Amino acid sequence: MRVLVIGAGALGGYYGACLVRAGRDVTFLVREKRAEQLRRNGLQVVSPHGDFAVQPKSLQAGDLKEAFDVVLVGVKAYSLDDALNQFAPAVGPHTMILPILNGLKHLDALTARFGAARVLGGLANVSAGLDAEGRVVQFMANQTIVFGEIEGALSERALALETLLQVPGIDVRASEAIMQDMWEKFVQLSTLAGITCLMRASIGDILAVPNGEQSIFRLFAECCTVATASGFEPRAPFIEFDRKLFTTLDSPLKASMLRDIERGSVTESEHILGDMANRARALGIDAPLLDLARAHVAAYEVGRRRAVSANNPLTG
């Protein structure tokens, strides 16, 4: 299969590089500046499993003329609208679109644009980011992709895609219950992003203060209540995994949303915290910590936009 990876940031860059290293037919759709960086330095990955570099094929939006078998979408949520227009020429009648964005809202945008038959559900569990040199840095050892048909069942195309993605550096699983999987990831991420952004601290530091653990699990309970009311009650193994995740003393774990705040960047707050809070409100669920976390990051975004406008009068 021919794979088009949208972007070469943390998600697309990591998984795409693993596929290229394994000899898969992969092309990256990137902007001009990133394309030049890749031509000059290659796509470099710094990983706990061993550093490596590949020399990838890349295209820019205006050069995209033909359909691909798989479109792997790993951009940030706030870049999705632009990405849809850019990769539209790559979507043919049999193209599989595999989004590994955080949250759930993007599924509506993708199915509205390209039709439900072309869109799979998917999620990624990898802690990674780009450094100042454009290298993909994998912070922790996890490197999972889970995906499947939104309506459930294991289709032939899903099994074929699972085989394609079975390469060193990717722990892949085709799922018969991808929406359940995505909802559980949504709960986990909303809790992690909400509490670490609200406290501006890692999980380990939050656990070290009075009522820190209680605050984490109050927010976790709010998000679990939203999932359950939506028809996706979190399963016992997920609850147990997250209980361990959120009680690991000295844990350096923090959400990528907090890392975005720390470097003064735009966040995915409304796609994650805003969407979860809106769902709670629509279901009549009281979620005060979730609302506070959302407001906290939204206030940061207001200040960030004001600072950008002040520094660039042409945008004001």
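Only a predicted model underlies this, so the values are computations on that prediction, with no experimental measurement involved.
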Leu192 and Leu289: same hydrophobic cluster, using ILVMFWY side-chain contacts below 4.5 Å?
-> yes

Flag the pair Ile170 / Tyr15 as yes when at least one side-chain heavy-atom distance between them is below 4.5 Å, and no otherwise.
-> yes

Gln37-Arg34 side chain donor-acceptor pair, cut-off 3.5 Å = yes

Please determine which of Ile272, Leu198, Ile261 meets the side-chain contact (heavy atoms from CB on, under 4.5 Å) test together with Val297.
-> Ile261

With under 30° as parallel and over 60° as perpendicular, where do the rings of Phe87 and Phe114 fit, or are they tilted in between?
-> parallel

Arg294 and Asn278 side chains, donor-acceptor separation under 3.5 Å | yes

For the residue pair Ile97 and Val73, establish whether any side-chain heavy-atom pair is separated by less than 4.5 Å.
-> yes

Kindly check if the number of other-residue, nucleotide or ligand heavy atoms within 6.0 Å of CZ (Arg304) is above 12?
-> yes

Is a donor on one side and an acceptor on the other found under 3.5 Å between the side chain of Thr163 and the backbone of Leu159?
-> yes

Could you tell me whether Asp181 and Lys185 have a side-chain N and a carboxylate O separated by less than 4.0 Å?
-> no

Does CD in Gln214 sit with more than 12 non-hydrogen atoms of other residues, nucleotides or ligands closer than 6.0 Å?
-> yes

Pairwise side-chain contact, Arg21 with Val167, heavy-atom cut-off 4.5 Å (strictly under) = no

So, are Arg113 and Asp81 salt-bridged, with charged N and O less than 4.0 Å apart?
-> no

Could you tell me whether the side chain of Asp51 reaches within less than 4.5 Å of the side chain of Arg135, counting heavy atoms only?
-> no

Salt-bridge criterion met for Glu149 and Arg157 (N-O under 4.0 Å) | yes

So does Lys33 pair up with Glu36, basic N to acidic O under 4.0 Å?
-> no

If you draw the axis of the six-membered ring of Phe241, does the NZ or CZ of Arg235 fall within 45° of it and under 6.0 Å from the ring centre?
-> no

Quick check: are there more than 12 heavy atoms from other residues, nucleotides or ligands sitting under 6.0 Å from OH of Tyr78?
-> yes

Return the minimal non-hydrogen interatomic distance between His271 and Leu104, and the atom names on each side.
-> NE2-N, 4.3 Å

Parallel, tilted or perpendicular, as decided by the 30° and 60° cut-offs, for the rings of Trp183 and Phe232 | parallel

Salt bridge check: are Lys254 and Asp205 linked by an N-O gap of less than 4.0 Å?
-> no

In terms of side-chain heavy atoms, does Glu184 have a donor or acceptor partner in Gln180 at a distance below 3.5 Å?
-> yes

Crowding at CG, Asp250 (>12 non-hydrogen neighbours, <6.0 Å) = no

Phe186 with Ile145, same ILVMFWY side-chain cluster at under 4.5 Å | no

